[in-house]
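In what follows, chains are A, B, ... by sequence order, proteins preceding strands, each numbered from 1.
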Number of protein chains: 2
Amino acid sequence: MGSVTHTDNGSSPAAEQAARGRAADTSRGEQTRQAIVASAIRLFGEAGYEKTTMRAIAADAGVSVGNAYYYFPAKEALVSEFYLELQREHLARVEPILGSGTSFGDRLTAILREGIEVWAPHHAFAGRFIGIAAVPGSPVSPFSDASSEARELATSIFHRLVDSTETKMDPQLRARLPQLLWLAQLGLVVYWVHDTTPGQRRTRAVVDLAVPYLEYLVGASRMKIFKPLTTRGLTLLEAVWPRAAG
Amino acid sequence: MGSVTHTDNGSSPAAEQAARGRAADTSRGEQTRQAIVASAIRLFGEAGYEKTTMRAIAADAGVSVGNAYYYFPAKEALVSEFYLELQREHLARVEPILGSGTSFGDRLTAILREGIEVWAPHHAFAGRFIGIAAVPGSPVSPFSDASSEARELATSIFHRLVDSTETKMDPQLRARLPQLLWLAQLGLVVYWVHDTTPGQRRTRAVVDLAVPYLEYLVGASRMKIFKPLTTRGLTLLEAVWPRAAG
DNA sequence: TCCGCAAGTTGAACACGTTCAAATCGGAGA
DNA sequence: TCTCCGATTTGAACGTGTTCAACTTGCGGA
């Protein structure tokens, strides 16, 4: 942690100290960096991705265009800051839910709902975001190494949810359920982004229907008749997403 | 079908006669159009999406940049021509498979494998393509109105597969299976695009494991114990993708 | 106090996708 | 044959993301 010796090919010089332990950094550079991030987030939220130009972001932050590129390798990199911001808010909202004593399904629904709520004001922006996140090499891709931390953070939410649930289920399924839920959430996000119903109410309806179904499936997994279904499903998951991989 | 009275806000003038019945058109405009498409497809395949500039495409086709924009509203539109080209090839390869008398699973595997084979030479390009296709408004999006025809074409493949299969299954599932298979294929494509194993062999392994599992699930659907699982699953599908919608 | 140097900053310049007013083409009708 | 007019074509120009050589800042050590 905090190691300096790594080759970060595509990243900007200032990204060195990224990830952790930047909270306490009050150096000039860090202030500039945060000013750029703040402007970017605000303008993205106000005008969307395309309409927000790098020149506008720089001007709003009171720096030159070139300076923004000293801290961020590309406009896309600023998008991931926006993403992190919302991720943090989702985490904050989810915290009390995990502590509550309600059922597995109720808490899962609440978690997914809060996710939708956090993103709701940025539905249009999310459409562009997903286009960036979907391309394999992108650091914003949910499968990329760069976002492994965010991925672990997200799965850790589901991990805590699963660990604190009393529901009986196949133990092997239990071990893998957090990842499965993360995948399901990913699918939900894709669905939500394409949901053009007012207020994305169809997505909310899908959540209300899908979670009890999931709960039912999870509960069924410990029954003998469902063993082959469960086992084979987990074998498939192992091929799709080996336990070893991040 | 073939109606002329529609308001095609964003499309180019020449796109009017798109879709059907352009095969016989040998007018000057059509020749130019095809020259541009041919150059675009070739250059995309050779150098990828980003590195292929509109100027290069135009030069290669022997026309001016502006002329390319007379036929295509944007660079992205040329991507969908590339997509159509591969779609056509996949269809051609799939045709003999549908006619063969092998089992449901074997034919499904063959269909999916051929899809991978057709795209294999363009794995890198597909990474960019998916980024374009993932954004909601895009005409290349698999969920868009613009690609409803391609979508129906694709589901029709699975429709024929399902219709010609003897396997016993829940009748309601049978009615919806083509759409489910299409969704599964979509997921497979996303997986394949992100598969960095050499030759995307992991994706092939997943297909080999997933198809028998699917076959097993489909077969199980007619058993009494699996009825609630099937029924509730189909209810969920109805919420996700109403029968009425395209 | 001053020097050296790394960190930070600048804005002009570049390449690209896209637009558009103007030029050209070619066939239908006189 | 000539004229007209819509279809087609042109290339300069615009706005954008990105790069880069040069400049400025401020701090640690002589």
Side-chain angles (χ1 to χ4, degrees), chain A residues 4 9-18 22 25-37 39-40 43-44 47-81 128 131-132 135 138-140, chain B residues 9-18 22 25-37 39-40 43-44 47-80 128 131-132 135 138-140:
Chain A
V4 192
N9 285 337
S11 67
S12 65
E16 295 288 292
Q17 45 176 349
R22 196 167 48 213
D25 191 341
T26 56
S27 66
R28 181 165 56 126
E30 183 55 22
Q31 277 180 279
T32 306
R33 195 197 135 90
Q34 284 180 1
I36 295 167
V37 168
S39 292
L43 294 176
F44 281 157
Y49 181 71
E50 336 269 5
K51 287 189 179 171
T52 302
T53 68
M54 287 302 284
R55 285 167 178 81
I57 293 171
D60 187 89
V63 300
S64 68
V65 216
N67 202 5
Y69 279 91
Y70 180 73
Y71 292 97
F72 302 95
K75 191 183 178 185
E76 285 187 12
L78 285 166
V79 162
S80 80
E81 295 290 330
R128 283 300 329 212
I132 298 167
V135 21
S138 164
V140 202
Chain B
N9 286 337
S11 66
S12 66
E16 294 290 290
Q17 47 175 349
R22 196 167 49 214
D25 190 342
T26 57
S27 66
R28 178 166 57 127
E30 183 56 21
Q31 278 179 277
T32 306
R33 194 197 135 90
Q34 285 179 1
I36 295 167
V37 168
S39 293
L43 294 176
F44 281 158
Y49 182 70
E50 336 269 6
K51 287 190 180 169
T52 302
T53 69
M54 287 302 284
R55 284 167 177 83
I57 293 170
D60 188 87
V63 301
S64 68
V65 216
N67 202 6
Y69 279 91
Y70 180 73
Y71 293 97
F72 302 94
K75 191 182 179 185
E76 284 187 12
L78 284 167
V79 161
S80 81
R128 283 303 326 216
I132 297 167
V135 21
S138 165
V140 202

*Return yes if some donor-acceptor pair links the side-chain N/O of Thr52(A) with the main-chain N/O of Leu43(A) below 3.5 Å, else return no.*
yes

Whole Å only: how far is the [atom1] atom of [X] from the [atom2] atom of [N]?
X	N	atom1	atom2	result
Phe72(B)	dT8(D)	CZ	C1'	14 Å
Lys75(B)	dG17(C)	NZ	P	4 Å
Tyr69(B)	dT18(C)	OH	P	4 Å
Ile57(A)	dG11(C)	CD1	P	18 Å

*Go through the steps to decide whether Lys75(B) and Phe44(B) satisfy the test side-chain contact (heavy atoms from CB on, under 4.5 Å), and finish with yes or no.*
CA-CA 11 Å; Lys75(B) 191 182 179 185; Phe44(B) 281 158; 4.1 Å; yes

*Counting only side-chain N and O atoms of Thr53(A), is one of them less than 4.0 Å from OP1 or OP2 of dG15(D)?*
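Checking Thr53(A) against dG15(D): no side-chain N or O falls below 4.0 Å of OP1 or OP2.
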
*Using a cut-off of strictly less than 4.0 Å, decide whether Tyr70(A) has a side-chain nitrogen or oxygen near OP1 or OP2 of dT9(C).*
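No.
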
*Go through the N and O atoms of the side chain of Arg55(B) and the base of dG17(C), and report whether any donor-acceptor pair is under 3.5 Å.*
yes

*asked:* Here's a test of your reading of the structure: between Tyr49(A) and Asn67(A), which maps to the more 5' nucleotide of DNA chain D?
replied: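 The residue closer to the strand's 5' end, by nearest nucleotide, is Tyr49(A).
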
*How would you label the contact of Val65(A) with the nucleic acid (heavy atoms, under 4.0 Å): base, sugar-phosphate, or nothing?*
base

*Below 4.5 Å, heavy atoms only, C-beta onward: do Tyr71(A) and Glu30(A) meet side chain to side chain?*
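Contact flag for Tyr71(A)/Glu30(A) side chains = no.
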
*Is any side-chain heavy atom of Ser64(B) closer than 4.5 Å to a side-chain heavy atom of Asn67(B)?*
yes

_Using the side-chain heavy atoms of Tyr71(B), tell me which of these nucleotides is nearest: dT18(D), dT8(D), dT10(C)._
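Nearest to the side-chain atoms of Tyr71(B), counting from C-beta on, is dT8(D).
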
